[in-house]
Amino acid sequence: MSTRLLRGLTAAALLTAAALTTAGTASASPTTLTTSTNTVIGTTAQLSPEVASTATGNGPDARQQALAAYWTPARMKAAKPDTEIPSVKAALATRDSNRTTSATRPQGPSVSVAPAAPAAEPKASGTTTVAPSDMSTQAYFPNYPVGHPTARTSGKVFFTLGGGNYVCSATIVNTEGKSSVWTAAHCLTGNQAWATNWVFVPNYNNGSAPYGYWYAIQLWAKTAFFNNNNDFANDVGSAVMARNGGWRIADYFGGQGIAWNFPIGQYDYAFGYPAASPFNGEVLTAENGSTYDGGGGTIYMVNYMTGGSSGGGWLMAFDGNWGYLNGHNDFKYTTMPQYMFSPYYGNQVADLYNTIRYYSA
């Protein structure tokens, strides 16, 4: 697999020359990326010192080879659910007492960006669909086998943060740059530090990567969440992915749509890779149902997924293949384990999307 550096950026918040120089290198210092309004913050994605020390050069190929060597099947299997991240554990420990009940409302006109099909039919290699007998621990396994359009645009995320390795979930989203993956901000940053070794595995299935490993070159989050990990309403983030085999990720797999400032009460399909008991994180899992006002800029739905599913997309107007992202698995309250909460997708999502939409690998 090969990667290329960023090129052809036309967004208002263009990278600095320094960022263009360091993006995709094996050992460069991170470059902080901000916008004119300072409501969104980002960084050039980095390797941890341990992984950087194994790179045989400073180019993108060396970086990719080092990451491929690091994320062995054993290390992926040992990675913990995001609920074990210290910053997440601290935020969750106070969430019940800090709950805000003020009503959540649209913050402007409803806006949607349509999904986009892949430029050509993606080809999987070396993988078979998990047999039903292997799914016994996945109580809510849906019929989304390897190769299904929804499964290809969903994936499992592996990353290092605070010295530990963790897992989350994410969704490929359609943008002009065709390079964006959408997830929870706490899967990208914690305690004002950025994750390293960030890898997205589309259609992860029972330990296999049927479409390979895709590596981030930028990580983005809302500044409000970066500065305060208790701000669940702003727990939204995105990674800009390097090319793989010359392909931009959304050109290869397609990208789901996205929508913000829509009325609460949409009927959503939620996807993710729950890894905490009773799940094992090995296959794509789904829930579906109506959304409700969670207060304080959040929404919720009946959803029994657990840690590791964070960042997995909620799709409204879902036709069985494609839909519009308007929420994601994010957090739960101790007293209500049957409900999964998400930031309400309002103006904060518009800010983030409009920042990253033109970035391209």
Side-chain angles (χ1 to χ4, degrees), residues 82 95 99-100 103-108 110-115 140 142 150 153-155 157 168-174 180-188 220-222 224-225 231-239 255-274 284-319 322-333 336-353 356:
D82 60 289
R95 68 195 183 285
R99 184 178 182 186
T100 301
T104 300
R105 295 287 184 268
Q107 301 152 353
S110 299
V111 177
S112 63
V113 177
Y140 303 94
T150 308
T153 55
S154 301
V157 173
C168 275
S169 303
T171 307
I172 304 170
V173 171
N174 184 30
S180 298
V181 166
W182 201 267
T183 189
H186 73 254
C187 302
L188 301 162
W220 289 91
K222 289 292 295 180
F225 182 85
D231 189 352
F232 293 111
N234 281 293
D235 191 1
V236 294
S238 181
Q256 297 292 343
I258 189 168
W260 56 85
N261 283 327
F262 274 73
I264 297 171
Q266 304 295 324
Y267 194 91
D268 283 358
Y269 287 74
F271 297 89
Y273 287 87
L284 182 65
T285 301
E287 299 271 12
N288 56 279
S290 297
T291 60
Y292 303 91
D293 184 357
T298 67
I299 58 175
Y300 69 94
M301 66 180 292
V302 175
N303 180 335
Y304 286 86
M305 284 192 252
T306 59
S309 69
S310 287
W314 295 8
L315 298 177
M316 73 175 202
F318 181 59
D319 66 4
W322 306 97
Y324 294 80
L325 197 72
N326 81 322
H328 61 259
N329 302 319
D330 201 79
F331 72 98
K332 292 190 170 188
Y333 289 104
M336 297 183 291
Q338 72 273 36
Y339 298 128
M340 180 73 77
F341 284 72
S342 167
Y344 170 74
Y345 275 27
N347 288 348
Q348 89 284 32
V349 167
D351 287 345
L352 179 59
Y353 183 83
I356 59 89

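Reckoned from all heavy atoms, side chains included, excluding hydrogens, waters and symmetry mates. No experiment lies behind these values; they were computed from the predicted model shown.
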Considering all heavy atoms of both residues, which atom of [X] and which atom of [Y] are nearest to each other, and what is their separation?
| X | Y | result |
| --- | --- | --- |
| Gln348 | Ala233 | NE2-O, 2.9 Å |
| Ser238 | Ser180 | OG-CB, 3.9 Å |
| Ala170 | Thr183 | CB-CB, 3.9 Å |
| Ser309 | Met340 | OG-CE, 3.7 Å |
| Tyr353 | Asn174 | OH-O, 2.6 Å |
| Asp351 | Lys222 | OD2-NZ, 3.3 Å |

[Y] and [X], any side-chain heavy atoms less than 4.5 Å apart:
| X | Y | answer |
| --- | --- | --- |
| Val302 | Tyr339 | yes |
| Tyr300 | Tyr333 | no |
| Trp182 | Val349 | yes |

* Asked: Side chains of Gln256 and Thr153: do they bring a donor and an acceptor to under 3.5 Å?
  -> yes
* Asked: Quick one: do the His186 and Ser310 side chains pair a donor with an acceptor below 3.5 Å?
  ->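 A donor-acceptor contact under 3.5 Å links the two side chains.
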Please check: side-chain N/O of [X] versus main-chain N/O of [Y], any donor-acceptor pairing under 3.5 Å?
| X | Y | result |
| --- | --- | --- |
| Thr298 | Pro343 | no |
| Tyr344 | Phe262 | yes |
| Asn261 | Gln107 | yes |
| Lys332 | Thr306 | no |
| Asp235 | Ala184 | no |

* To do: In sequence, state the C-alpha distance, the side-chain angles, and the governing distance for Leu315 and Leu325, and then conclude on side chain to side chain contact (heavy atoms under 4.5 Å, CB included).
  => CA-CA 5 Å; Leu315 298 177; Leu325 197 72; 4.0 Å; yes
Determine all donor-acceptor pairs shorter than 3.5 Å in which one atom belongs to a side chain in residues 263-271; sequence neighbours excluded.
{"residue": "Gln266", "atom": "NE2", "partner": "Pro263", "partner atom": "O", "Å": "3.1"}
{"residue": "Tyr267", "atom": "OH", "partner": "Asn288", "partner atom": "ND2", "Å": "2.5"}

Just verifying a value: how many Å separate [X] [atom1] and [Y] [atom2], rounded to the nearest 0.5 Å?
| X | Y | atom1 | atom2 | value |
| --- | --- | --- | --- | --- |
| Asp330 | Asp82 | CG | CG | 9.0 Å |
| Thr150 | Leu284 | OG1 | CG | 8.5 Å |
| Asn329 | Ser342 | CG | OG | 8.0 Å |
| Trp260 | Leu352 | CH2 | CG | 9.5 Å |
| His328 | Thr171 | NE2 | OG1 | 9.5 Å |
| Phe341 | Met336 | CZ | CE | 4.0 Å |

* Sub-6.0 Å ring centroid separation between Trp314 and Tyr345 ->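 No, they do not, as the ring centres are separated by 6.0 Å or more.
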